[in-house]
Amino acid sequence: MRLLLVEDDPTISEPLVDGLRREGFEVELATTGAAALSADPVDLVLLDLGLPDLEGRVVCQELRAASSVPIIVVTARGDEIDRVVLLELGADDYVVKPFGFRELVARIRAVLRRVSPNGEPTRDRLDVGRLTIDLRSRAVSFDGHPVALTPKEFDLLVRLASDAGAVTTREQLMREVWDENWWGSTKTLDVHVASLRRKLSPDVIETVRSVGYRYVDSP
Ligand code: CA
């Protein structure tokens with residue numbers, strides 16, 4: 001897998017390039033937006049929004065206009081970042097600096113898993129063990145039986161199951177499923193997890209104590 005890292009700050013890019021290479025990725029580095037736009041085709045782009053020459057959002061848009069390469073946007077904390085706008089620009093996911101390296105690798109793998117070998121996103125269906133989710137009709141079945149979920153239960157399940165095996169932190173789940181600016185109680189998250197366990201099976205969502213949750217189910 002070839003990644004293009006677009007990042008002008010060497011204190012971030014140097015350890016990141018080393019780490020990603022250790023994870024088995026081939027990594028190209030571009031330090032400007034112009035270099036990013038003229039780079040050879042890759043399997044995924046990690047795009048810092050704060051670039052010296054071009055507006056990161058413009059780079060994102062132009063990359064997306066030129067190809068269907070998956071794009072993960074990296075933003076600085078405090079950026080006026082609107083998830084909806086990013087998705088409209090064509091980004092597949094985003095991480096906020098400072099981010100953990102493990103979290104970033106999990107995001108990269110999750111985005112790559114959602115993309116089929118011909119580069120077209122295959123987001124209409126998710127199969128994990130006994131679970132099948134039709135993302136278009138929002139129909140869920142578990143062990144062959146249809147399961148009725150509320151909209152938030154559905155969103156939470158999709159978020160967990162689309163990165164099955166990986167731990168998603170409570171903060172990430174609150175931000176992505178409820179509201180990116182959520183700073184309040186996460187009790188509502190626990191309530192929804194409990195409800196999913198009741199409707200699916202008690203053992204499919206594992207609690208990782210004081211971190212978050214993980215979807216686990218083998219065929
Ligand atoms: Ca930067």
Side-chain angles (χ1 to χ4, degrees), residues 60 64 68 70-73 75 79-96 99 103-104 106-116 120-219:
C60 184
R64 173 55 67 243
S68 60
I71 301 169
I72 298 179
V73 160
T75 71
D79 266 4
E80 282 294 318
I81 157 109
D82 184 329
R83 182 163 193 259
V84 176
V85 170
L86 279 180
L87 298 179
E88 276 171 7
L89 292 177
D92 294 83
D93 200 356
Y94 71 97
V95 291
V96 179
F99 50 82
E103 179 193 348
L104 178 66
R107 298 291 191 92
I108 290 172
R109 295 202 195 284
V111 167
L112 288 173
R113 265 200 302 273
R114 292 205 302 255
V115 177
S116 67
E120 292 301 317
T122 53
R123 291 174 201 215
D124 47 337
R125 199 184 146 103
L126 199 60
D127 286 289
V128 184
R130 289 168 289 176
L131 176 70
T132 299
I133 303 177
D134 185 320
L135 296 168
R136 287 223 176 100
S137 63
R138 294 176 73 93
V140 175
S141 71
F142 189 81
D143 219 3
H145 303 287
V147 184
L149 299 178
T150 67
K152 283 298 177 201
E153 288 169 358
F154 179 85
D155 293 344
L156 176 61
L157 180 62
V158 167
R159 179 59 185 84
L160 287 168
S162 62
D163 204 6
V167 181
T168 308
T169 66
R170 303 174 64 85
E171 290 72 25
Q172 248 175 295
L173 291 169
M174 290 311 300
R175 193 178 70 214
E176 293 175 20
V177 177
W178 276 269
D179 183 320
E180 63 169 301
N181 296 313
W182 184 278
W183 299 111
S185 156
T186 58
K187 193 163 175 27
T188 185
L189 171 60
D190 303 313
V191 171
H192 282 74
V193 167
S195 170
L196 283 175
R197 284 175 174 149
R198 203 165 51 241
K199 291 180 177 182
L200 302 173
S201 162
D203 56 355
V204 289
I205 299 175
E206 234 175 59
T207 304
V208 181
R209 219 143 67 93
S210 64
V211 181
Y213 291 105
R214 157 163 62 201
Y215 190 90
V216 278
D217 189 29
S218 11

Practice problem: Would you please name every residue forming a side chain to side chain donor-acceptor pair (under 3.5 Å) with Ser201, sequence neighbours left out? | Solution: Asp203
Quiz prompt | Pairwise side-chain contact, Val128 with Ile133, heavy-atom cut-off 4.5 Å (strictly under) | solution = no
Quiz item: Are any side-chain N or O atoms of Asp163 and backbone N or O atoms of Ala110, one a donor and one an acceptor, separated by less than 3.5 Å?
Solution: no
Exercise. Tell me, please, which residues at least two apart from Arg107 pass salt bridge (Lys or Arg N to Asp or Glu O under 4.0 Å).
Key: Asp93, Glu103, Glu176
Exercise. Answer yes or no: is there a side-chain heavy-atom contact under 4.5 Å between Thr168 and Tyr215?
Key: no
Practice problem: Quick one: list whatever passes side-chain contact (heavy atoms from CB on, under 4.5 Å) with Asp155, sequence neighbours left out. | Solution: Arg138, Lys152, Val177
Self-check item: Residues that Ala139 engages under side-chain contact (heavy atoms from CB on, under 4.5 Å), provided they are two or more places apart
Solution: Asp134, Ser137
Quiz item: For Thr169, what residues pass the side-chain contact (heavy atoms from CB on, under 4.5 Å) criterion, not counting sequence neighbours?
Solution: Glu171, Gln172, Val211
Quiz item: Would you say the side chain of Asp217 lies within less than 4.5 Å of the side chain of Phe142, judging by non-hydrogen atoms?
Solution: yes
Practice problem: Name all residues meeting the side chain to side chain donor-acceptor pair (under 3.5 Å) criterion together with Ser162; count only those two or more places apart in sequence or in a different chain, and write none if there are none. | Solution: none
Quiz item: Counting distance only, does the side-chain N/O of Arg64 pair as donor-acceptor with the main-chain N or O of Leu89 below 3.5 Å?
Solution: no
Quiz item: Within a strict 4.5 Å, meaning less than it, do heavy atoms of the Val204 and Leu131 side chains meet?
Solution: no
Quiz item: Hey, does Tyr94 have a side-chain heavy atom less than 4.5 Å from the side chain of Ile71?
Solution: no
Quiz item: Who are the salt bridge (Lys or Arg N to Asp or Glu O under 4.0 Å) partners of Asp143, not counting sequence neighbours?
Solution: none
Exercise. Name all residues meeting the salt bridge (Lys or Arg N to Asp or Glu O under 4.0 Å) criterion together with Arg170; count only those two or more places apart in sequence or in a different chain, and write none if there are none.
Key: Asp190
